[in-house]
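First up is the structure itself, then whatever we jot down about it.
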Amino acid sequence: MKIYLMRWSMIAAMALSISSSAQKVETIQAQAFGTATMAGRSFGITIRIENYSTPAEQKALIDAFKSGGHDAMVNVLSKMKSKGRVAVTGSVGYQIAYIRNIPTKNGRTIRVMTDRPINIGETMGSYRSQDYDLTLIELHLSNAKGKSTGSLVVGGRFKVNKKDQQIEFESYHAMPWRLVGILER
């Protein structure tokens with residue numbers, strides 16, 4: 001009987017030490033509103049953050065872009081372990097490959113990047129949208145209640161501007177979706 005209790009207490013102690021060292025899961029909800037060509041459309045999104053990306057993962061993406069451009073970076077991104085999920089509220093959604101948490105003077109900025117699943121219709125039709133295979137979300141979370149904002153680009157790609165050699169993110173649609181009503185849960 002004592003052996004059983006000792007094993008149980010050892011298992012309980014191990015479980016507590018594992019759970020206390022794990023990062024607290026964050027859930028962020030927002031309402032996306034279309035702009036320009038998507039004006040008048042809206043939907044809810046839910047972002048579940050389980051971990052943040054490491055500096056080594058950031059370096060791997062930068063190095064891949066420097067050596068092989070957008071396609072090489074997407075290849076590295078697609079092999080990264082999941083850091084969470086992003087979904088239209090009520091759906092299963094997609095895994096998030098890269099998440100940064102950047103402290104700011106008035107709160108923090110969260111940047112989310114993941115490869116965008118290309119649906120069968122895009123593949124069969126060989127549409128130009130296939131080239132825009134990344135989804136980016138940027139949240140500006142304010143310490144002041146109701147002041148958080150953000151943006152969502154569902155399909156985009158990185159490129160180097162040939163004129164001034166700056167890295168740009170080009171969206172397939174004219175403008176990003178505007179995120180409002182952001183709630184941290």
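Only this structure's heavy atoms are used, side chains among them; waters, hydrogens and symmetry mates stay out. Residue indices begin at 1 and follow the sequence shown.
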Exercise. Is there a side-chain contact between Gln29 and Ile182, using heavy atoms and a 4.5 Å cut-off?
Worked result: no
Exercise. Which heavy atom of Ala64 sits nearest a heavy atom of Ala72, and at what distance?
Worked result: O-CB, 3.4 Å
Problem set entry | Polar side chain donor-acceptor pair, Ser148 to Ser142, under 3.5 angstrom | no
Exercise. What's the shortest heavy-atom distance between Ala97 and Ser53, and which atoms?
Worked result: O-OG, 4.0 Å
Exercise. Within a strict 4.5 Å, meaning less than it, do heavy atoms of the Tyr52 and Lys83 side chains meet?
Worked result: no
Problem set entry | Shortest non-hydrogen contact from Val112 toward Ile96 | CG1-CG2, 3.4 Å
Seminar exercise, completed: Of all heavy-atom pairs linking Thr135 and Val154, the shortest is OG1-O, 2.7 Å
Exercise. So how far is it from Ile137 CD1 to Trp177 CH2, rounded to the nearest 0.5 Å?
Worked result: 12.5 Å
Exercise. Looking at Arg108 and Glu26, does any basic side-chain N land under 4.0 Å from a carboxylate oxygen?
Worked result: yes
Exercise. Between the side chains of Asp133 and His70, does any donor sit under 3.5 Å from an acceptor?
Worked result: yes
For this session: Working to the nearest 0.5 Å, report the span between NE2 of His140 and NZ of Lys147.
Result: 15.0 Å
Exercise. Considering only heavy atoms from C-beta outward, does the side chain of Ile110 approach that of Ile102 to under 4.5 Å?
Worked result: no
Exercise. side-chain contact (heavy atoms from CB on, under 4.5 Å) between Thr27 and Thr46: does it pass, once the steps are laid out?
Worked result: CA-CA 7 Å; Thr27 301; Thr46 302; 3.8 Å; yes
Problem set entry | Non-hydrogen side-chain atoms of Leu152 and Phe43 separated by less than 4.5 Å | yes
For this session: Any chance you could measure Thr149, atom OG1, to Arg178, atom CZ, to the nearest 0.5 Å?
Result: 10.0 Å
Problem set entry | CA sep, side-chain torsions, deciding dist, call: Leu77, Met113, side-chain contact (heavy atoms from CB on, under 4.5 Å) | CA-CA 9 Å; Leu77 183 72; Met113 181 169 63; 4.0 Å; yes
Exercise. So, do Arg157 and Asp71 sit near enough that their side-chain heavy atoms are less than 4.5 Å apart?
Worked result: yes
Exercise. Say you draw a straight line from CG of Leu61 to CE of Met80; how long is it, rounded to the nearest 0.5 Å?
Worked result: 3.5 Å
Problem set entry | Flag, side chain of Ser67 to backbone of Asp63, donor-acceptor distance under 3.5 Å | yes
Exercise. With the threshold set at 4.0 Å, does a side-chain nitrogen-carboxylate oxygen contact exist between Glu57 and Lys79?
Worked result: no
Exercise. Can you tell if the side chain of Met73 reaches within under 4.5 Å of the side chain of Leu134, non-hydrogen atoms only?
Worked result: yes
Problem set entry | Heavy-atom check, side chain of Thr114 versus side chain of Tyr98, under 4.5 Å | no
For this session: Step by step, work out the side-chain contact (heavy atoms from CB on, under 4.5 Å) result for Leu141 and Thr109.
Result: CA-CA 6 Å; Leu141 303 175; Thr109 296; over 6 Å; no
Exercise. Would a distance-only check, ignoring hydrogens and angles, find a side-chain to backbone donor-acceptor pair under 3.5 Å from Arg111 to Glu138?
Worked result: no
Problem set entry | Side-chain heavy atoms of Val86 within contact of Ile47, under 4.5 Å | yes
For this session: Under the side-chain contact (heavy atoms from CB on, under 4.5 Å) rule, what do Leu179 and Ile45 come out as? Steps first, then yes or no, please.
Result: CA-CA 9 Å; Leu179 298 177; Ile45 66 167; 4.0 Å; yes
Exercise. When you measure from the side chain of Arg41 to the backbone N and O of Phe33, does any donor-acceptor pair fall under 3.5 Å?
Worked result: no
Seminar exercise, completed: Nearest heavy-atom contact between Pro176 and Val153 is CB-CG2, 3.7 Å
Problem set entry | Presence of salt bridge, Arg48 and Glu50, under 4.0 angstrom | yes
